Amino acid sequence: MATPDYDWLIVGSGLFGSVFAHEMRKAGKKCLVLEKRSHLGGALYSPELHGIRVHRYGPHIFHTDDREIWEYVEKLVPMEPFVNSPLASYKDRIFNLPFNMNTFYQLWGVSTPEQAMAVIEEQRAEYKGVEAVNLEQRALQIVGKDVFNIFIKGYTEKQWGRPASELPPQIIERVPLRFTYDNNYYYHRYQGIPEGGYDRLIETLLEGVQVTRNVDYLKERSEWADRAERILFTGPIDSFFDHCLGELEYRSLRFEDELMEKTSFQGNAVVNYTEKEIPFTRIIEHKHFKRENDLDHTVITREYPQAWDRTREPYYPVNDGKNNALYREYLLLAATESPNVTFGGRLGEYRYFDMDKTIERALRLSND
Ligand code: UDP
């Protein structure tokens with residue numbers, strides 16, 4: 001084999017691939033990033049539509065408790081302050097999220113933490129002491145019946161396309177419960193959105209890195225595979241191996257935009273629709289990710305969960321026992337068949353990662 005042209009071939013220009021490419025370039029390594037789409041940034045892509053920056057693949061709010069990670073991002077791109085305070089719409093009533101004293105007041109008319117705790121305590125009493133093996137049981141144990149039935153059951157079943165009793169309990173651990181009047185969803189020390197959008201962050205990360213778009217590595221493997229010493233693959237690990245052990249399951253999404261000739265549609269960036277009967281899970285009004293707007297129109301996006309197949313984008317890994325076991329088999333296969341390939345990011349590692357964790361893991365890999 002001829003001497004490879006690159007130290008690293010990085011497949012995918014999402015956050016994981018871009019951070020890794022940035023670090024490798026700084027370390028003097030020669031990298032090539034291959035991106036199959038015509039745009040960079042993976043799920044962070046946020047182009048302008050009618051003068052409004054649209055989070056093309058769902059809302060992304062950067063939040064972290066880790067000062068180093070925050071400073072890492074801030075050095076690359078100025079951050080605009082943003083606090084995520086989504087609302088829930090249920091049968092035409094609006095509630096604050098995450099589940100906090102505002103929500104409990106709106107739900108039960110209780111105004112003190114003691115009163116709210118007493119209601120929740122009573123509603124979850126019968127579920128205590130049993131080992132929660134699915135999302136429904138775990139949610140009922142944490143928040144009790146009303147919160148589960150109004151805010152979790154419908155939303156979750158739309159989002160995942162199966163009964164909450166057939167989903168792994170871990171998903172619900174992402175949703176906060178607190179007894180203060182605080183609508184800040186993430187409760188992290190640092191929170192914001194890059195000025196100029198995530199595209200600017202990705203462009204800055206990839207400055208000085210060779211990038212080729214519109215190339216689907218898996219379709220042109222023979223042309224690219226030998227051109228680098230090592231490969232970082234950030235796409236789905238099962239697709240790398242032609243699904244030879246079987247298909248990992250994902251959940252997909254469909255986005256429907258609407259331009260409206262009014263200054264604001266819902267007065268907030270994110271409203272979750274928690275009823276099962278409404279087919280979308282949330283409406284994003286993109287202009288509210290920015291503090292100031294003088295536009296007299298607005299763009300909203302309805303987010304519809306949908307089943308995944310190979311023709312659709314994989315968004316969420318479905319981390320149940322069966323899929324996790326299959327993923328481990330792919331890891332074993334990778335270790336024996338492709339020792340020069342590393343799998344990283346949400347699809348490569350088959351795990352949901354917040355953006356700060358994605359960066360942390362890419363940095364860790366770059367230090368290995
Ligand atoms: N969830 C819910 N009701 C809500 C918001 C979230 O039941 O109003 C549940 C749902 O199961 C979802 C999980 O919490 O899949 C995680 O939601 P989050 O908003 O953190 O996920 P995202 O889709 O933004 O990554």
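Keep in mind that this is a model prediction, so the values were computed, not measured.
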J.: Please list, chain by chain and in numerical order, all residues satisfying ring-ring contact (aromatic ring centres under 6.0 Å, His included) with Y186, sequence neighbours excluded.
T.: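 Here the qualifying residues are H63.
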J.: More than 12 foreign heavy atoms under 6.0 Å from CZ of R189: is that the case here?
T.: no
J.: Which value, rounded to the nearest 0.5 Å, describes the distance between I52 atom CD1 and E285 atom CD?
T.: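 Separation between the atoms: 8.0 Å.
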J.: Calculate, to the nearest 0.5 Å, the distance between atoms CG and CG belonging to L365 and L232 respectively.
T.: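 Interatomic distance, L365 CG to L232 CG, rounded to 0.5 Å: 6.5 Å.
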J.: Between R138 and E136, does at least one N-O distance fall below 4.0 Å, as a salt bridge requires?
T.: no
J.: Partners of E275 by side-chain contact (heavy atoms from CB on, under 4.5 Å), sequence neighbours excluded?
T.: Y90, K91, E277, I278
J.: Go through the side-chain N and O atoms of N134 and S165 and say whether any donor and acceptor fall under 3.5 Å apart.
T.: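 N134 vs S165: no donor-acceptor pair found between side chains.
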J.: Before giving the answer on side-chain contact (heavy atoms from CB on, under 4.5 Å), spell out for R221 and K219 the whole-Å C-alpha distance, their side-chain angles and the decisive distance to 0.1 Å.
T.: CA-CA 6 Å; R221 228 185 263 240; K219 291 195 179 129; over 6 Å; no
J.: Going by atom types only, do D309 and T311 share a side-chain donor-acceptor pair under 3.5 Å?
T.: yes
J.: What's the shortest heavy-atom distance between A269 and F82, and which atoms?
T.: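 Heavy atoms only, the tightest pair is CB-CZ, 3.9 Å.
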J.: Between R282 and V271, is a side-chain contact (heavy atoms from CB on, under 4.5 Å) present by the stated rule, with each step listed?
T.: CA-CA 6 Å; R282 49 189 174 187; V271 178; over 6 Å; no
J.: Which word best sums up how the rings of H55 and F289 line up, parallel for under 30°, tilted for 30 to 60°, or perpendicular for over 60°?
T.: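 Parallel: the ring planes of H55 and F289 meet at under 30°.
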J.: Would you say that L87 contacts N96 through its side chain, given a criterion of any heavy-atom pair below 4.5 Å between the two side chains?
T.: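 L87 reaches N96 side chain to side chain.
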J.: Apply salt bridge (Lys or Arg N to Asp or Glu O under 4.0 Å) to E292 and K290, showing your working.
T.: CA-CA 6 Å; E292 281 152 33; K290 275 177 90 70; over 6 Å; no
J.: Name the residue from Y105, F104, W108, F151 that meets the ring pair (Phe, Tyr, Trp, His ring centres under 6.0 Å) definition with F95.
T.: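 Answer to the ring pair (Phe, Tyr, Trp, His ring centres under 6.0 Å) test with F95 among Y105, F104, W108, F151: F151.
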J.: Salt-bridged, E157 to K153, with N to O below 4.0 Å?
T.: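 K153 and E157: salt-bridged.
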J.: Can you sort out the partners of S239 under side-chain contact (heavy atoms from CB on, under 4.5 Å), two or more places apart, ordered by chain and number?
T.: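 S239 satisfies side-chain contact (heavy atoms from CB on, under 4.5 Å) with L218, F233, P236, H243 once adjacent residues are dropped.
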J.: A side-chain contact here means heavy atoms from C-beta on lying under 4.5 Å apart; do K322 and E249 qualify?
T.: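 Of all side-chain heavy-atom pairs linking E249 with K322, at least one is under 4.5 Å.
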J.: Do the side chains of L49 and D257 get nearer than 4.5 Å, heavy atoms only?
T.: yes
J.: Assess the pair Y330 and F343: is the distance between their ring centroids shorter than 6.0 Å?
T.: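 Aromatic pair excluded; centres sit 6.0 Å or further apart.
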J.: Just wondering, are more than 12 heavy atoms of other shown residues or ligands nearer than 6.0 Å to CD in E80?
T.: yes
J.: On the six-membered ring of Y6, is K30 placed so that its NZ or CZ lies under 6.0 angstrom from the centre and within 45° of the ring axis?
T.: yes
J.: Inspect the surroundings of CD in E329 and state if more than 12 heavy atoms from other residues, nucleotides or ligands are less than 6.0 Å away.
T.: yes
J.: Would L295 and I193 show up in the same hydrophobic cluster when neighbours are defined by side-chain heavy atoms closer than 4.5 Å?
T.: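 L295 does not cluster with I193.
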J.: Name the orientation class of the two ring planes belonging to W70 and Y190 (parallel below 30°, tilted from 30 to 60°, perpendicular beyond 60°).
T.: parallel
J.: Less than 4.0 angstrom from a charged side-chain N to a carboxylate O is my criterion; do E229 and K29 meet it?
T.: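 No, E229 and K29 are not salt-bridged.
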J.: Over all heavy atoms of both residues, which pair between Y181 and S111 is shortest? Give the atoms and the distance, please.
T.: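 Smallest heavy-atom distance, with atoms named: OH-O, 2.7 Å.
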J.: Group every Ile, Leu, Val, Met, Phe, Trp and Tyr by side-chain heavy-atom contacts under 4.5 Å, then state whether I61 and V83 land in the same group.
T.: no
J.: Please round to the nearest 0.5 Å and tell me the distance separating atom CZ of R351 and atom CG of N319.
T.: 8.0 Å
J.: How would you list all residue pairs meeting side-chain hydrogen bond (donor to acceptor under 3.5 Å, both in side chains) that involve residues 11-23, not counting sequence neighbours?
T.: S13-E35, E23-K26, E23-Y72
J.: Is the terminal nitrogen or CZ of R178 (NZ for Lys, CZ for Arg) located under 6.0 angstrom from the six-membered ring centre of Y187 and within 45° of that ring's axis?
T.: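 Verdict for Y187: a cation-pi partner in R178.
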J.: Does the structure place the NZ or CZ of R230 under 6.0 Å from the centre of the six-membered ring of F20, at an angle of no more than 45° from the ring's axis?
T.: no
J.: Check the pair C31 / M24 against side-chain contact (heavy atoms from CB on, under 4.5 Å), numbers first and verdict last.
T.: CA-CA 7 Å; C31 302; M24 288 295 103; 3.4 Å; yes
J.: Between L245 and W308, is there a shared hydrophobic cluster once you connect ILVMFWY residues whose side-chain heavy atoms come closer than 4.5 Å?
T.: yes
J.: Checking side-chain polar atoms at under 3.5 Å, does S264 have a donor or acceptor matched by the opposite partner on H288?
T.: yes
J.: Is there side-chain contact between Y185 and P176, with heavy atoms separated by less than 4.5 Å?
T.: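 Yes, close enough: below the 4.5 Å cut-off.
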J.: Rounded to the nearest 0.5 Å, what separation is found between the CG atom of D7 and the CG atom of L32?
T.: 11.5 Å
J.: Does the pair D216/R37 count as a salt bridge with the N-to-O cut at 4.0 Å?
T.: no
J.: Rounded to the nearest 0.5 Å, what separates atom OG1 in T103 from atom CD in Q106?
T.: 6.0 Å
J.: Quick test of your reading of the model: are R25 and E207 salt-bridged, counting only N-O distances below 4.0 Å?
T.: no
J.: Without swapping roles, check the side chain of K287 against the backbone of G51 for a donor-acceptor pair under 3.5 Å.
T.: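 No: the side chain of K287 does not pair with the backbone of G51.
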J.: May I ask you to decide if the ring planes of Y217 and F240 are parallel, tilted or perpendicular, using 30° and 60° as cut-offs?
T.: parallel
J.: In Å, rounded to the nearest 0.5 Å, how long is the span from CD of E313 to CZ of R310?
T.: 15.0 Å
J.: Any non-hydrogen side-chain atom of F62 less than 4.5 Å from a side-chain atom of M79?
T.: yes
J.: Going by heavy atoms in the side chains, are N84 and N184 under 4.5 Å from each other?
T.: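 When only atoms from C-beta onward are counted, N184 and N84 do not touch, as no gap falls below 4.5 Å.
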J.: Would you check if the side chain of Y45 reaches a backbone N or O of V54 as a donor-acceptor pair within less than 3.5 Å?
T.: no
J.: Flag yes if F353 and Y327 sit in one hydrophobic cluster, no otherwise; membership is Ile, Leu, Val, Met, Phe, Trp, Tyr, and two members link when side-chain heavy atoms are under 4.5 Å apart.
T.: no
J.: Tabulate below the donor-acceptor pairs under 3.5 Å that side-chain atoms of residues 125-132 make, not counting sequence neighbours, or state none.
T.:
{"residue": "E126", "atom": "OE2", "partner": "K145", "partner atom": "NZ", "Å": "3.4"}
{"residue": "K128", "atom": "NZ", "partner": "E121", "partner atom": "OE2", "Å": "3.0"}

J.: Could you go step by step and tell me if Y155 and Y273 meet the side-chain contact (heavy atoms from CB on, under 4.5 Å) rule?
T.: CA-CA 7 Å; Y155 187 100; Y273 284 76; over 6 Å; no
J.: Tell me every residue that passes ring-ring contact (aromatic ring centres under 6.0 Å, His included) with Y304, counting only those two or more places apart in sequence or in another chain.
T.: F280
J.: Would you mind reporting whether I142 and F148 have side-chain heavy atoms less than 4.5 Å apart?
T.: no
J.: Side-chain heavy atoms under 4.5 angstrom apart, residues restricted to Ile, Leu, Val, Met, Phe, Trp, Tyr: same cluster for L206 and I359?
T.: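 Looking at the clustering, I359 is in the same group as L206.
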J.: Could you go through the salt bridge (Lys or Arg N to Asp or Glu O under 4.0 Å) check for E349 and R361 one step at a time?
T.: CA-CA 11 Å; E349 299 180 58; R361 292 179 81 82; 2.6 Å; yes
J.: Tell me whether the count of non-hydrogen atoms from other residues, nucleotides or ligands lying under 6.0 Å of CG in D92 goes above 12.
T.: no
J.: Check this for me: does any side-chain nitrogen of one of E360 and K357 sit under 4.0 Å from a carboxylate oxygen of the other?
T.: yes
J.: Are N183 and N100 packed together at the side-chain level, in the sense that at least one heavy-atom pair is separated by less than 4.5 angstrom?
T.: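 SC-SC contact between N183 and N100 confirmed.
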